[in-house]
Amino acid sequence: MQLQSLKKNVVRTVAANKRAAEQSCLSLLEACDARCKFVQLQAHILKLGLRNNPLVLTKFAAISSELNAVDYASSFVFSPDADSRLYDAFLFNTVIRAYAQTGDLKEKALVLYNAMLRCGVLPNKFTYPFALKACAGLGSLSLGQTVHGSAVKFGFDDDVHVQNTMIHMYCCCGSGVKYARKMFDEMPKRDSVSWSAMIGGYVRLGLSTDAVDLFRRMQIAGVHPDEITMVSVLSACTDLGALELGKWVESYIEREGIQKNVELCNALIDMFAKCGDVDKALKLFRNMSGKTIVSWTSVIVGLAMHGRGSEAVSLFEEMIRNGTVPDNVAFIGLLSACSHSGLVDKGKGYFSLMTKEYQIVPKMEHYGCMADMLCRAGLVNEAVAFVQKMPVEPNPVILRTLVSACRAHGKLRLGETISKSLISNEPTHESNYVLLSNIYAKMSRWENKTKIRKMMGKKGMKKTPGSTMIELDNEIYEFVAGDKSHKQYKEIYDMVDEMGREMKRAGYVPSTSEVLLDIDEEDKEDALNRHSEKLAIAFALLNTPPGTPIRIVKNLRVCSDCHSATKFISKIYNREIVVRDRNRFHHFMDGLCSCKDFW
DNA sequence: ATAGGGTTAG
């Protein structure tokens with residue numbers, strides 16, 4: 001073997017020439033891969049007397065990161081019997097980088113950074129991107145600020161690489177985004193990476209409108225975006241559900257000749273699928289070369305969201321035939337496809353394929369998909385038994401799935417029990433109370449329902465307000481329940497009232513039991529009519545020509561009253577209405593929904 | 001000799 005002969009070569013030359021030994025040892029380290037025994041290498045270094053050779057140690061540390069042996073290498077390199085006078089910045093940088101890249105050892109990168117300063121080794125311009133990346137991974141604003149201060153002290157804060165990493169780091173530290181923006185605004189010279197870091201940061205924080213605004217400013221500033229910038233911009237479109245904007249971005253990419261690499265194609269596929277045009281996503285997917293597991297998963301998830309489960313399943317089968325090995329994310333997509341389309345037996349089969357054939361240890365999300373699948377299919381008892389048999393404690397998300405199913409399928413006592421335990425475990429989570437209240441409503445135990453409402457008021461819970469977005473003439477409009485901020489609000493409310501009258505004539509019954517407020521029935525109807533979905537639909541009916549499809553995006557799950565109302569509206573006003581909610585798409589047409597009331 | 005920003009689920 002090549003490795004064997006290299007080793008012999010090292011041993012031969014070591015006696016003759018120390019310099020040649022170093023070179024040979026470096027080549028040996030270079031040739032080392034996962035098959036090579038890391039420990040043997042270490043013994044070799046000792047045997048050759050290169051224990052304190054910084055170059056060899058650096059190479060040793062660099063290789064360790066690919067073998068997930070950073071901790072081991074670090075303890076060898078920086079052991080007490082090593083000669084610390086030989087440590088240099090390159091060596092520290094290498095180990096700091098290795099730690100910064102490692103999943104759960106990022107804090108050690110900063111420990112080493114501090115050790116470096118204590119040893120009197122001066123950091124250089126490469127040190128800061130590594131150390132800041134560790135802070136970003138930890139999401140620790142205070143650590144980031146300390147390292148930032150240190151970079152200023154040593155005079156590396158005017159380097160554009162360092163500044164860009166700082167923007168990235170501050171964006172990864174939640175409340176740090178304002179510091180990121182401040183740095184960004186004060187930079188004397190911003191390159192495309194600076195813009196991408198800031199735009200990408202906004203997207204990750206869910207501030208997608210800010211991301212789009214910044215992209216517009218980037219164009220005004222005359223900085224040419226590259227494929228990485230465009231991935232973030234597309235991600236913002238996906239988040240906003242802004243199909244028109246997304247289409248514009250696609251044509252912009254073509255026009256500007258931006259290279260459509262695999263990642264950019266994946267982002268385009270994801271955008272089209274999640275903005276409602278899954279057929280376009282499929283077309284792009286078919287035409288792209290170099291498909292990765294991400295490409296397959298994106299399109300499988302896209303089909304699942306549109307209720308096209310069996311297509312998702314055949315695509316998964318095709319992927320396996322193509323030799324792409326599914327990972328745990330692909331299985332989450334596949335299982336959710338089965339769940340959304342009622343393919344219970346298929347789902348069970350794939351769950352066991354995943355664990356047995358692919359040796360993937362199921363995570364909470366996989367269990368969640370299975371519980372969800374059984375619940376949707378009305379197999380509540382089986383779902384409960386499944387959850388009890390799980391080797392891990394179910395998380396609140398799974399328990400809430402069970403409670404909803406209990407309510408839908410009349411297992412009210414059980415639902416009440418689970419729901420009460422949820423409230424005691426998670427007393428500040430609003431939806432736990434809503435679930436219990438809905439169960440009481442179904443049991444007609446109104447006094448209990450009132451009690452729940454009072455409890456909620458006392459706890460002062462912050463409620464995620466439902467909001468609905470709609471795109472019209474290159475603008476994105478957002479509505480919240482009872483919104484009166486819009487210029488047209490009077491017309492919108494008149495339209496909502498008219499819609500209500502027409503729907504009632506057609507047989508719509510408002511589901512006032514969904515309303516948690518303790519108000520009389522008429523006011524409850526009023527509250528339902530002011531839901532953000534209905535405001536957005538009224539706005540669209542007013543401002544778009546008859547017959548054009550209406551696309552709206554809801555931030556939460558669509559409520560059952562709005563779901564049934566939208567069916568009536570699609571028929572009465574002869575409109576196709578496409579609703580994207582938190583989980584999936586609903587295509588309403590002629591009084592029916594594509595989800596077949598199965599969501 | 002070592003550097004910065006990105007994609008799939010929940």
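Each chain gets a letter, A, B and so on, in the order its sequence line appears, and its residues count up from 1.
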With heavy atoms under 4.0 Å as the rule, sort [X] into base, sugar-phosphate or nothing.
X       : result
T94(A)  : nothing
K125(A) : base
N93(A)  : base

Inset, instruction - Using only side-chain N and O atoms of K274(A), determine if any of them is under 4.0 Å from OP1 or OP2 of dA9(B). - result: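 Yes, such a contact exists.
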
Inset, instruction - Would you tell me if any nitrogen or oxygen in the side chain of R204(A) comes within less than 4.0 Å of OP1 or OP2 on dG6(B)? - result: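 Yes.
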
Inset, instruction - Using only heavy-atom distances, determine whether the side chains of S65(A) and R97(A) contain a donor-acceptor pair under 3.5 Å. - result: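 No pair is found: no donor N or O on one side chain lies under 3.5 Å from an acceptor on the other.
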
Inset, instruction - Decide whether Y99(A) and D71(A) meet the rule of one side-chain donor and one side-chain acceptor closer than 3.5 Å. - result: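 D71(A) and Y99(A) do have a side-chain donor-acceptor pair below 3.5 Å.
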
Legend entry - DNA chain B-proximal residues of residues 215-238 of chain A, any heavy atom under 4.0 Å: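 Contacting residues: D226(A), I228(A), T229(A), V231(A), S232(A).
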
Legend entry - Partner set under ring pair (Phe, Tyr, Trp, His ring centres under 6.0 Å) for Y202(A), not counting sequence neighbours: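 Partners of Y202(A) by the ring pair (Phe, Tyr, Trp, His ring centres under 6.0 Å) criterion come out as none, since no residue qualifies.
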
Legend entry - ring pair (Phe, Tyr, Trp, His ring centres under 6.0 Å) involving Y87(A) - partner list, sequence neighbours excluded: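 Here the qualifying residues are F78(A), F92(A).
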
Legend entry - Nucleotide nearest N124(A) (side chain, heavy atoms from C-beta), chosen from dT8(B), dG10(B), dT2(B):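 Selected nucleotide (nearest to the side chain): dT2(B).
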
Legend entry - Among dT8(B), dT2(B), dG6(B), the nucleotide that comes nearest once only the side chain of H168(A) is considered: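 Looking only at heavy atoms from C-beta outward on H168(A), the closest nucleotide is dG6(B).
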
Rounded to whole angstrom units, what separation is found between the [atom1] atom of [X] and the [atom2] atom of [N]?
X       : N       : atom1 : atom2 : result
R582(A) : dA9(B)  : CZ    : P     : 12 Å
L112(A) : dT2(B)  : CG    : P     : 20 Å
E365(A) : dG10(B) : CD    : P     : 8 Å

Legend entry - D270(A) with K274(A): basic N within carboxylate O range, under 4.0 Å: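 Looking at D270(A) and K274(A), the cut-off is met.
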
Legend entry - Note: D210(A)-R217(A) ion pair, threshold 4.0 Å (strictly below):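 So D210(A) does not pair with R217(A) through a salt bridge.
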
Legend entry - Check: dG6(B) base within 3.5 Å donor-acceptor of N261(A) side chain: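 Flag set: donor-acceptor pair detected.
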
